[in-house]
Enquirer: 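Submitted below is the structure of interest, expressed as structure tokens.
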Amino acid sequence: MNACLTLKDGAVFRGRPFGRKGSVAGEVVFNTGMVGYPECLTDPSYSGQILVLTFPLIGNYGVPADEPDRLNSFFESERIRVAGLVVMEECTEASHWQSSSTLADWLAFQKVPGLAGIDTRAVTQKLRTAGSMLGKLVYGDDTIPFRDPNHENLVARVSVREPVRYGTGKKRVVVVDCGCKNNIIRSLLRRGVAVTVVPWDWPLTDEACDGVVLSNGPGDPQTCGTTVRHVRALLAREVPVFGICLGSQILALAAGAATYKLKFGHRGQNQPCVLHGTQRCFITSQNHGYAVDEKSLPPDWLPWFFNANDGTNEGIQHRSKPFRGVQFHPEATPGPCDTEFLFDEFVDLLS
């Protein structure tokens, strides 16, 4: 059966379907990582997006076994989050001692469509010129409209419904789940703190805790108005706050700054970020389509990191209070661990 990737500008790329046989629409984005497809596919920040993986062979080490625990050792959430997957070559025979299924079987089980046999270099070059754009995976003679997930509250869709508790440490950290990656929770637990994961719209002023982490997540931070209001009230308590990715954007909005949509977005495992006022450059893992407008930061706030490729803001911090946020992923997975020390610094701030 024929299938194709159709972009909003009219471009059509024909290929072979695998995984679930069906059609889906969303925003088409690409990731340049060489490994880590199980982690990428389960990253909630990709919700509503059709992911194009640029590495030519995907699926060669299969998919590890699922685990009953929410903090699965190999996944970043409990299920696949991408709307669809596009690859150049899908490996049909997995070769790894921890593999429990093929990529195609995993996609089919999770009801996610894939498309193979696509010139992903050509798709990437188009997206690098025009920017991220709407698209759809069309199976056979299906007819579906384009869909812009950025107009939806994707955060509400991926967040937990009730608080979930992990660990028994003396220090207690509340994680606001806007689409939290599992490794954020793992990173905190490894540092001996107790973690309570709460829904995206949880009233934070009622929480007795030593610190708050605002997690990563999908879509436009402007759709998280409830979270922004709760964080604004939280800042008056001067509890240490650490924002990651979307969480950093929410922190900026709560402080009175503005955000905007990037033309391309930053998605990959090799984004260089420089600490402001120094020549220290860190290689970071990233996955976002929006950024903080550095010029809109109030006087009490300072830029913390910037992207060495395009100069965009990659972090903010308060001049005197324990409020910080970074646009990249210090927990990585997949990706480098250059900035994992930021978790140490956050835990040191806990009273």
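These values consider heavy atoms only, across backbone and side chains, with no hydrogens, waters or symmetry-generated copies.
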Enquirer: Would you check if the side chain of His318 reaches a backbone N or O of Lys321 as a donor-acceptor pair within less than 3.5 Å?
Expert: yes
Enquirer: Assess the side chains of Gln271 and Asn307: does a donor N or O sit below 3.5 Å from an acceptor N or O?
Expert: yes
Enquirer: Under 4.5 Å between side-chain heavy atoms, counting indirect links through other Ile/Leu/Val/Met/Phe/Trp/Tyr residues: same cluster for Val176 and Val155 or not?
Expert: yes
Enquirer: Between CG of Leu154 and CG of Asp220, what distance do you get to the nearest 0.5 Å?
Expert: 9.5 Å
Enquirer: Does this structure show an ion pair linking Arg237 with Glu207, if we count only N-O contacts that are shorter than 4.0 Å?
Expert: no
Enquirer: Under 3.5 Å, is there a donor-acceptor pair between the Thr226 and Asp201 side chains?
Expert: no
Enquirer: Among side-chain atoms of Asn287 and Asn216, is any donor-acceptor pair under 3.5 angstrom?
Expert: no
Enquirer: Considering all heavy atoms of both residues, which atom of Gln269 and which atom of Pro334 are nearest to each other, and what is their separation?
Expert: NE2-CG, 3.4 Å
Enquirer: Which pair of non-hydrogen atoms, one from Leu349 and one from Pro322, has the smallest distance, and what is that distance?
Expert: CD1-CB, 4.2 Å
Enquirer: Please test Phe242 against Ile244 for side-chain contact (heavy atoms from CB on, under 4.5 Å), starting from the C-alpha separation and ending with a verdict.
Expert: CA-CA 7 Å; Phe242 185 28; Ile244 297 174; 4.1 Å; yes
Enquirer: Do the side chains of Asn31 and Phe55 get nearer than 4.5 Å, heavy atoms only?
Expert: no
Enquirer: Looking only at side-chain N and O atoms, does Glu294 offer a donor or acceptor that is under 3.5 Å from a partner on Asn313?
Expert: yes
Enquirer: Might you work through the side-chain contact (heavy atoms from CB on, under 4.5 Å) test for Ile50 and Leu137, ending with a clear yes or no?
Expert: CA-CA 8 Å; Ile50 297 171; Leu137 295 184; 4.2 Å; yes
Enquirer: Under a 3.5 Å distance rule, please check whether Ser215 uses its side chain to pair with a backbone N or O of Cys178 as donor and acceptor.
Expert: yes
Enquirer: Hey, is Glu27 close enough to Lys261 for a salt bridge, meaning N to O under 4.0 Å?
Expert: yes
Enquirer: Whether Lys126 and Asp9 form a salt bridge (side-chain N of Lys/Arg under 4.0 Å from carboxylate O of Asp/Glu) is what I want to check.
Expert: yes
Enquirer: To the nearest 0.5 Å, what is the distance between CD1 (Ile316) and CG (Leu251)?
Expert: 4.5 Å
Enquirer: Quick test of your reading: applying ring-ring contact (aromatic ring centres under 6.0 Å, His included), list the pairs with at least one residue in residues 98-117, sequence neighbours left out, ordered by first then second residue.
Expert: Phe75-Trp106
Enquirer: Could you grab the distance from atom CZ of Arg16 to atom CG of Asn2, nearest 0.5 Å is fine?
Expert: 12.0 Å
Enquirer: Using the rule that Ile, Leu, Val, Met, Phe, Trp and Tyr join whenever any side-chain heavy atoms are under 4.5 Å apart, tell me whether Val82 and Ile118 fall into a single cluster.
Expert: no
Enquirer: Measuring from atom CZ of Phe305 to atom SG of Cys273, what distance do you get when rounded to the nearest 0.5 angstrom?
Expert: 7.5 Å
Enquirer: Looking just at side-chain N and O atoms, do Ser47 and Arg157 make a donor-acceptor pair shorter than 3.5 Å?
Expert: no
Enquirer: Can Arg128 be said to sit on top of Phe264's aromatic six-ring, NZ or CZ under 6.0 Å from centre and within 45° of the ring axis?
Expert: yes
Enquirer: Is there a continuous path of hydrophobic side-chain contacts, each under 4.5 Å between heavy atoms, that joins Val228 to Val241?
Expert: yes
Enquirer: What's the shortest heavy-atom distance between Val212 and Cys209, and which atoms?
Expert: CG2-SG, 3.8 Å
Enquirer: With a 3.5 Å distance limit and no angle check, can you tell me whether Thr259 reaches the backbone of Ala291 through a side-chain donor-acceptor pair?
Expert: no
Enquirer: So, do Val197 and Tyr166 sit near enough that their side-chain heavy atoms are less than 4.5 Å apart?
Expert: yes
Enquirer: Where do Thr92 and Thr102 land on the side-chain contact (heavy atoms from CB on, under 4.5 Å) test, with the steps shown first?
Expert: CA-CA 7 Å; Thr92 57; Thr102 65; over 6 Å; no
Enquirer: Salt bridge or not between Lys181 and Glu331? Use side-chain N to carboxylate O under 4.0 Å.
Expert: yes
Enquirer: Whether the side chain of Arg81 engages the backbone of Asp43 through a donor-acceptor N/O pair (distance < 3.5 Å, no angle test) should be reported.
Expert: no
Enquirer: What do you reckon, is CZ of Arg190 surrounded by more than 12 foreign heavy atoms closer than 6.0 Å?
Expert: yes
Enquirer: If you take all heavy atoms of Leu297 and Ala257, which pair is closest and at what distance?
Expert: CD2-CB, 3.9 Å
Enquirer: Ignoring hydrogens, what is the shortest heavy-atom contact between Gly217 and Leu246? Give both atom names and the distance.
Expert: N-CB, 3.6 Å
Enquirer: As an exercise, state the distance from OG of Ser77 to OH of Tyr46, rounded to the nearest 0.5 Å.
Expert: 13.0 Å
Enquirer: Contact between Asp310 and His266 at the side-chain level, heavy atoms closer than 4.5 Å - yes or no?
Expert: yes
Enquirer: Is there a donor-acceptor contact under 3.5 Å from the side chain of Asp210 to the main chain of Leu350?
Expert: no
Enquirer: Between Arg229 and Cys224 (side chain of the first, backbone of the second, donor and acceptor by atom type, cut-off under 3.5 Å), is there such a pair?
Expert: no
Enquirer: May I ask you to test the Leu189-Ile185 pair for a side-chain heavy-atom distance under 4.5 Å?
Expert: yes
Enquirer: Keeping the roles fixed (side chain from Arg165, backbone from Pro163), state whether a donor-acceptor pair exists under 3.5 Å.
Expert: no
Enquirer: Would you say the ring centroid of Phe282 lies under 6.0 angstrom from that of Phe341?
Expert: yes
Enquirer: If we ignore hydrogens and angles and just use 3.5 Å, is the side chain of Ser23 paired with the main-chain N or O of Tyr139 as donor and acceptor?
Expert: yes
Enquirer: Do Thr124 and Arg121 get their side chains close enough for a donor-acceptor pair, meaning under 3.5 Å?
Expert: no
Enquirer: Are Leu103 and Phe18 packed together at the side-chain level, in the sense that at least one heavy-atom pair is separated by less than 4.5 angstrom?
Expert: yes
Enquirer: So with a 6.0 Å cut-off around CZ of Arg280, is the heavy-atom count from everything else above 12?
Expert: no
Enquirer: Give the intermediate values and the outcome of side-chain contact (heavy atoms from CB on, under 4.5 Å) for residues Val28 and Leu5.
Expert: CA-CA 9 Å; Val28 183; Leu5 168 66; 4.2 Å; yes
Enquirer: Check the angle between the aromatic planes of Trp301 and Phe323 and answer parallel, tilted or perpendicular using the 30° and 60° thresholds.
Expert: parallel
Enquirer: Using a 3.5 Å distance criterion without hydrogens, assess whether the side chain of Tyr37 forms a donor-acceptor pair with backbone atoms of Gly62.
Expert: yes
Enquirer: Please confirm whether the backbone N or O of Leu275 pairs with a side-chain atom of Thr278, one donor and one acceptor, at under 3.5 Å?
Expert: yes
Enquirer: Between Thr120 and Leu53, is there a side-chain heavy-atom distance shorter than 4.5 Å?
Expert: no
Enquirer: Does the side chain of Phe74 reach to within under 4.5 Å of the side chain of Glu39, using non-hydrogen atoms?
Expert: no
Enquirer: Would you tell me whether Asn72 and Asp66 have side-chain atoms, one donor and one acceptor, within less than 3.5 Å of each other?
Expert: yes
Enquirer: Looking at side-chain heavy atoms only, is the closest gap between Gln249 and Gln222 below 4.5 Å?
Expert: no
Enquirer: With rounding to the nearest 0.5 Å, note down the distance linking OH in Tyr61 to CD in Gln98.
Expert: 11.0 Å
Enquirer: What is the minimum heavy-atom distance between Ala258 and Ser296, and which atoms define it?
Expert: N-OG, 2.8 Å
Enquirer: According to a hydrophobic-cluster definition based on side-chain heavy atoms being under 4.5 Å apart (Ile, Leu, Val, Met, Phe, Trp, Tyr only), do Phe13 and Val138 belong together?
Expert: no
Enquirer: Linking I/L/V/M/F/W/Y whenever their side-chain heavy atoms sit closer than 4.5 Å, directly or via other members, would Leu71 and Val164 fall into one cluster?
Expert: yes
